[in-house]
2 protein chains.
Amino acid sequence: MTFAQFSRQAGLSRGDICREILASHRESIKAKKEATAVKNLELIFDATLALANQKGFQAMTVRDLSRATGLSMGALYDYFTSKEELLEMVLSTGRRVVMRLLEKGLQEAEGPVEQLRSAIRTHLFLSEAMQPFFFFAYMEARHLGEEQKERAKQSELATERLLAEIIQRGVKAGLMATADHQMAAALIKAMLQDWYLKRWKYAKRRLSVDRYAGFVEQAALALCLAPGLPSPCGETSKS
Amino acid sequence: MTFAQFSRQAGLSRGDICREILASHRESIKAKKEATAVKNLELIFDATLALANQKGFQAMTVRDLSRATGLSMGALYDYFTSKEELLEMVLSTGRRVVMRLLEKGLQEAEGPVEQLRSAIRTHLFLSEAMQPFFFFAYMEARHLGEEQKERAKQSELATERLLAEIIQRGVKAGLMATADHQMAAALIKAMLQDWYLKRWKYAKRRLSVDRYAGFVEQAALALCLAPGLPSPCGETSKS
DNA sequence: GCATAAAGCGAGCGAGCGATCGCTTTTTAT
DNA sequence: ATAAAAAGCGATCGCTCGCTCGCTTTATGC
C-alpha cells in the first residue's frame, strides 16, 4: 500500500469532517443553513490549525482568526461560544475521525508481520493526510482541561497497545522475538510520531512518506525479529 | 555506565549553572552580590521551568512567577528586562551546558559500536538530569524569534549528525550495515527524545532511565547491524 | 417588491497582561 | 549608631485580550 492508494480510499474531505462537526454541535452554532455553516467551519478550522501550528493556540488571538478567515469577531462567535470551546471542537472531532480510520485500516491485514506493517503504514499515512491536526493535537494537549488531557493520554496509550498486541501475537506464533513487547511498541510509536513532529526536517530532505514508511517498517522488523541479542531487563527472548 | 555514575561525574549543580547565567548577563542583572543573585536566579529558573512545562510559557504570567518565587514584580525585573529575554536566557544557557557535556561525554569511547552506545547513554542521561529543560526547549522552540528558532533547528541537526557520523564510520569499518546512515540516526534520535517527551508514561511504568537506555541500545544495534533486509530505497546495504 | 428571517458586522466593555518607578526595608561598612 | 548602598516592593500605566450586542446587510418566501 502506498500513500496515493491510501488517500484515494480513505475519503476524508474537509467538507465531510465539517459536516460532522456541525452535526455534533448543532445547538450551539447559530447558522441555520448547512451550506453556509460548513463553508465557514472549513474556513475557521483551516485557519485555526495554520495559525496555532505557527505560533501556538494560546498566542493566536481571535482577531488573528478574524483576519485569516475574513469573518468578523461577531460572526466567529456564531460558531463557537469561547476560544476554549474552539480548541475542544478541533481536538475531539479530529480524534474521532482518526480513530475511525485507524480501526478501519487495520481490519484488512492477516498475520502478525503483515498487521505490523499495516499498522505502521496506516498510522503514517493518516498523520500525513492530517498532518496539521496531528501536530496540533500533540503540541496543544497540555493546554486542555484535566478530563480532556486524560483523553489525549488514553489515545496515546491506545495506539501503543494496538502495536503491542500485534507484537505479542507475533511472539506467541513464534514469528517474532522481543524481550518486552510493550517497550518495542513504545519505540515504534516514537518513530511514527517523528514524521509529523519533524516535518520541516524531512521536507527539506525531500523524503516521501512512502520511503519513510519503508524505513520504519525495516527498523520495526529488525527490532521485533532480532534474535539472540542480550535483553536489557535480564531475561532472554521467549522464542 | 549507569545514570548514577553519570550524575556523579557530570557535576552540573543548579548553583553552577546559575553562576554561569549571571556571568553572561552581568550587565543587565541589577543585583550586585553574587550570593544574592545566584539564589534568586535559582528560584526564578526553577519556577519558570515548572510553570512553563505545566501550562506553557505564553500562558504563564509574570505574576504567576512572582507568586511561585516569592519575589515581587519589581524584583523579578531586576533579573531580566522582559519576559521574552527570560525565555532566551533559559534556552541559550541550557543549550550551552548541554553541548559542553555532550561533547565531553563522547570523547572517551573507542570504536563505532562503543561510540554509538556511549552517544545513546550520554544523550539519555543528560536529558534525564535536565528533563525540565529538555522538555521546555522542545515545546517552546516555535515561540522564539527567527534567529533563535534557527539555532534550535541547528542544535537538533547537530546531534543527529553526530549519530550519523558514528554509524557511517561503523559501516566503513565493516562493523555496521544500513542503507541510509542519516535515516538510521533520525530514527534513533526519535527514540531518544521520547524519553523526556513522554515522561508521564514511563514514570507510571516505573521504568528507569538505565533500562530505557538498554532498550534503545538494543534497538539501535538491531537497526544498524541488521544484515540482508530489503532496503526501502531500492539499494541493498553496503557491506 | 416587500416582509421576515438569517447572516454578518465592529466599536466598545471589563479584565488581566507585561512592564515601570518612586518609595521602603534590609544589609553593609565605618 | 549612622550613612550609604543594595535589595525589594506593589500600585499604577498603557495596552491587548476574549467576548458582546445593537445594528446593517443579504437571502428567502410569498
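Numbered from 1 within each chain, the chains take letters A, B, ... in sequence-line order. All heavy atoms count here, side chains included; hydrogens, waters and symmetry mates do not.
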Once you round it to whole Å, what is the distance between [atom2] of [N] and [atom1] of [X]?
X	N	atom1	atom2	answer
A:Met73	D:dG18	CE	C1'	6 Å
B:Gln58	D:dC17	CD	C1'	13 Å
A:Leu87	D:dC19	CG	C1'	17 Å
A:Met60	D:dC17	CE	C1'	12 Å
A:Lys83	D:dC17	NZ	P	9 Å

Checklist entry - First and last nucleotide of DNA chain C touching chain A, 5' to 3', heavy-atom cut-off 4.0 Å? => result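 Nucleotide range in contact with chain A: C:dA6 to C:dG12.
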Checklist entry - If you measure only the distance, is there a donor-acceptor pair under 3.5 Å linking the side chains of B:Lys83 and B:Gln58? => result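 Checked: B:Lys83/B:Gln58 side chains show no N/O donor-acceptor pair below 3.5 Å.
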Decide, yes or no, whether a salt bridge links [X] with [Y] under the criterion of side-chain N to carboxylate O below 4.0 Å.
X	Y	value
A:Arg100	A:Glu20	yes
A:Lys189	A:Glu160	no
B:Glu146	B:Lys149	yes

Checklist entry - Any donor-acceptor pair under 3.5 Å linking the side chain of B:Glu140 with the backbone of B:Gly56? => result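 No; zero donor-acceptor contacts below 3.5 Å.
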Item to check | From CA spacing to verdict: side-chain hydrogen bond (donor to acceptor under 3.5 Å, both in side chains), A:Gln148, A:Arg95 | outcome: CA-CA 11 Å; A:Gln148 282 280 330; A:Arg95 200 148 43 221; 3.3 Å; yes
Checklist entry - Within the structure shown, what part of the strands sits under 4.0 Å from A:Ser66 by heavy-atom distance: base, sugar-phosphate, or nothing? => result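 No contact at all - A:Ser66 keeps every heavy atom at 4.0 Å or more from the nucleic acid.
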Next on the checklist: Over all strands shown, is B:Asp64 touching base, sugar-phosphate only, or nothing at heavy-atom distances under 4.0 angstrom?
Outcome noted: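 No contact at all - B:Asp64 keeps every heavy atom at 4.0 Å or more from the nucleic acid.
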Next on the checklist: Let me spell it out: for each of B:Lys33 and B:Arg63, pick the nucleotide of DNA chain C with the closest heavy atom. Which residue's pick is nearer the 5' end?
Outcome noted: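 On the 5' side of the pair lies B:Arg63.
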Next on the checklist: On DNA chain C, compare the nucleotides closest to A:Glu34 and B:Phe80; which residue's is nearer the 5' end?
Outcome noted: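 The residue closer to the strand's 5' end, by nearest nucleotide, is A:Glu34.
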Next on the checklist: By nearest heavy atom, map A:Glu84 and B:Lys30 onto DNA chain D; which one lands nearer the 5' end?
Outcome noted: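 It is B:Lys30, whose closest nucleotide lies nearer the 5' terminus.
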Checklist entry - How do A:Ala59 and A:Thr81 order along DNA chain D: which one's closest nucleotide is nearer the 5' end? => result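 The residue mapped nearer the 5' terminus is A:Ala59.
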Next on the checklist: Between B:Phe125 and B:Phe3, is the ring pair (Phe, Tyr, Trp, His ring centres under 6.0 Å) condition met? List the steps.
Outcome noted: CA-CA 6 Å; B:Phe125 293 162; B:Phe3 178 61; 5.7 Å; yes
Checklist entry - From D:dC9, D:dA6, D:dC19, pick the nucleotide closest to the side chain of B:Leu71? => result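 For the B:Leu71 side chain, the nearest candidate turns out to be D:dC9.
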